[in-house]
Asks: 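Submitted below is the structure of interest, expressed as structure tokens.
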Amino acid sequence: MLTAIRRGLRMIPLDTLQQFVETAPLILIGSIVGLGFMAIYLGYAGLALVLTRRTLPALGIGALIETRPLEKNQIRSEILRSFRSITIFALYSVGAVIAVRAGFIRLNWLPGFGMVLLNLAILIVWNEIHFYASHRLLHTDWLYKNVHEVHHRSITPTPFSTYSFHWGEALMVSSVMFLIMPVWQLDIIAIIVFPMISLVANSIGHMNYAIFPAKNTDAILAACQRHTAHHTRWKGNYGFYVPWLDQFFGTRIELRQRKTPVD
């Protein structure tokens, strides 16, 4: 498998991609990033919804976590707010391209396989730290009432809740790569791949379905249970995917386990 990944990396026309980033109109770059992200978001969320509301229950695998009904037009509102957030993500990509062209940010355009893995590992760790800090800040009184409350309107989360943010929260949480790029030279492959990894993890956190319902609070595979508990109880479980920062800072929520499949 690793050999196949290495071959795949060699097949990517990185020189053409570099020329495109350095010369293409900014509006074209932003549009491609935004439309691509919207397509991936809708694809992941739609697939997660079908799997967790039809396929897995029919197979007797897993359990729905929060059973309260959705608010009226909830999914429609989540999609519209997520599109606004993704537009802000695309604007960040345009800002990064401007910084690259101005020489403020340097990218590695010809990364080896090991460098790609290293940068992805750094981004994953940094994202956990950045998300936890941002999330705790968003739960301070003023920011919660004026910004983060928008995301918590999805008391019963769905896969479409993933980026259902106030524009201020979208600005905050999507700064994760932009903040590290001036101090660490990332490679172009990691920059492309990491948002997809993040979106998958975020979709898992919001799908409101425990594939492994017997897992305890601290299990890596209990990420969905942890984040659903955050949506229904508001305080605690501020981490992105792993439970370690919540354990360390004492913000862990004890889960109500459900060990029977959804009917």
Side-chain angles (χ1 to χ4, degrees), residues 27 29-54 64-66 68-96 123 127-128 130-132 134-135 137-139 143-178 191-209 223-224 226-232 234 237-241:
I27 191 170
I29 292 174
S31 297
I32 290 173
V33 171
L35 291 173
F37 221 104
M38 286 178 186
I40 296 169
Y41 156 77
L42 290 173
Y44 281 173
L47 177 61
L49 198 67
V50 171
L51 286 174
T52 58
R53 303 309 189 264
R54 295 186 179 182
L64 198 66
I65 301 170
E66 178 55 55
R68 279 179 282 186
L70 302 183
E71 299 294 325
K72 184 179 179 180
N73 297 322
Q74 179 176 323
I75 289 180
R76 177 179 177 275
S77 297
E78 289 171 345
I79 291 173
L80 290 176
R81 285 193 290 265
S82 292
F83 278 7
R84 179 178 61 192
S85 297
I86 290 169
T87 300
I88 291 173
F89 302 167
L91 292 175
Y92 263 117
S93 73
V94 171
L123 284 171
N127 182 64
E128 289 287 343
H130 177 273
F131 186 89
Y132 183 89
S134 299
H135 203 179
L137 186 60
L138 284 164
H139 273 266
L143 283 174
Y144 183 85
K145 292 175 183 177
N146 293 280
V147 178
H148 192 48
E149 181 272 339
V150 171
H151 186 63
H152 275 274
R153 290 176 189 170
S154 301
I155 297 173
T156 299
T158 78
F160 293 98
S161 312
T162 304
Y163 295 130
S164 179
F165 298 148
H166 181 280
W167 64 265
E169 180 169 357
L171 279 172
M172 184 182 295
V173 301
S174 61
S175 65
V176 57
M177 278 202 296
F178 198 79
I191 289 171
I192 294 171
V193 171
F194 173 72
M196 290 187 278
I197 295 174
S198 177
L199 182 51
V200 169
N202 221 336
S203 297
I204 290 172
H206 287 88
M207 66 185 185
N208 188 31
Y209 196 89
C224 187
R226 283 193 296 275
H227 198 70
T228 299
H230 174 77
H231 270 260
T232 55
W234 292 284
N237 285 5
Y238 301 115
F240 181 73
Y241 192 84

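Index from 1, following the sequence. Just so it is clear, the model here is predicted, and its values are computed rather than measured.
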Asks: Can the ring centres of H135 and H151 be said to be less than 6.0 Å apart?
Replies: no
Asks: Could you check whether any side-chain N or O of N237 sits under 3.5 Å from a backbone N or O of H230, counting only pairs where one atom can act as donor and the other as acceptor?
Replies: no
Asks: Where do H227 and G205 come nearest, in terms of heavy atoms and distance?
Replies: CB-O, 3.4 Å
Asks: If you apply the rule side chain to side chain contact (heavy atoms under 4.5 Å, CB included), what do you find for N208 with L64, and how did you get there?
Replies: CA-CA 6 Å; N208 188 31; L64 198 66; 3.9 Å; yes
Asks: Verify the distance criterion only: is there a donor paired with an acceptor across the side chains of S154 and E78 at less than 3.5 Å?
Replies: yes
Asks: Indicate the atoms forming the closest heavy-atom contact of F165 with V150, along with that distance.
Replies: C-CG1, 3.9 Å
Asks: I would like to know whether I75 and L70 meet side chain to side chain contact (heavy atoms under 4.5 Å, CB included); could you show each step before the answer?
Replies: CA-CA 8 Å; I75 289 180; L70 302 183; 4.1 Å; yes
Asks: Looking at OH of Y209 and CZ of R53, how far apart are the two atoms once the value is rounded to the nearest 0.5 Å?
Replies: 8.5 Å
Asks: Out of the candidates Y44, F83, F89, Y92, only one should pair with F37 under the ring pair (Phe, Tyr, Trp, His ring centres under 6.0 Å) rule; please name it.
Replies: F89
Asks: Mark yes when over 12 heavy atoms from residues, nucleotides or ligands other than E71 sit less than 6.0 Å from its CD; otherwise mark no.
Replies: no
Asks: If only atom types and distance count, is the side chain of R226 paired as donor or acceptor with the main-chain N or O of Y241 below 3.5 Å?
Replies: yes
Asks: Going by the angle between their ring planes, with limits at 30° and 60°, are Y144 and H139 parallel, tilted or perpendicular?
Replies: tilted
Asks: Let me have the donor-acceptor pairs involving side chains of residues 167-176, under 3.5 Å, with sequence neighbours excluded, atom names and distances please.
Replies:
from	atom 1	to	atom 2	distance (Å)
E169	OE1	H148	ND1	2.9
E169	OE2	H148	ND1	3.2
S174	OG	A170	O	2.4
S175	OG	H130	NE2	3.0
S175	OG	M172	O	2.7

Asks: Please work out whether the ring planes of Y132 and Y238 are parallel, tilted or perpendicular, with thresholds of 30° and 60°.
Replies: perpendicular
Asks: Compare every heavy atom of Y41 with every heavy atom of S82, then report the nearest pair and how far apart it is.
Replies: OG-OH, 3.1 Å
Asks: Once you round to the nearest 0.5 Å, how far does OG1 of T156 lie from NE2 of H206?
Replies: 12.5 Å
Asks: Looking at F194, is its backbone amide N or carbonyl O close enough to the side chain of S198 to form a donor-acceptor pair, meaning the two atoms are under 3.5 Å apart?
Replies: no
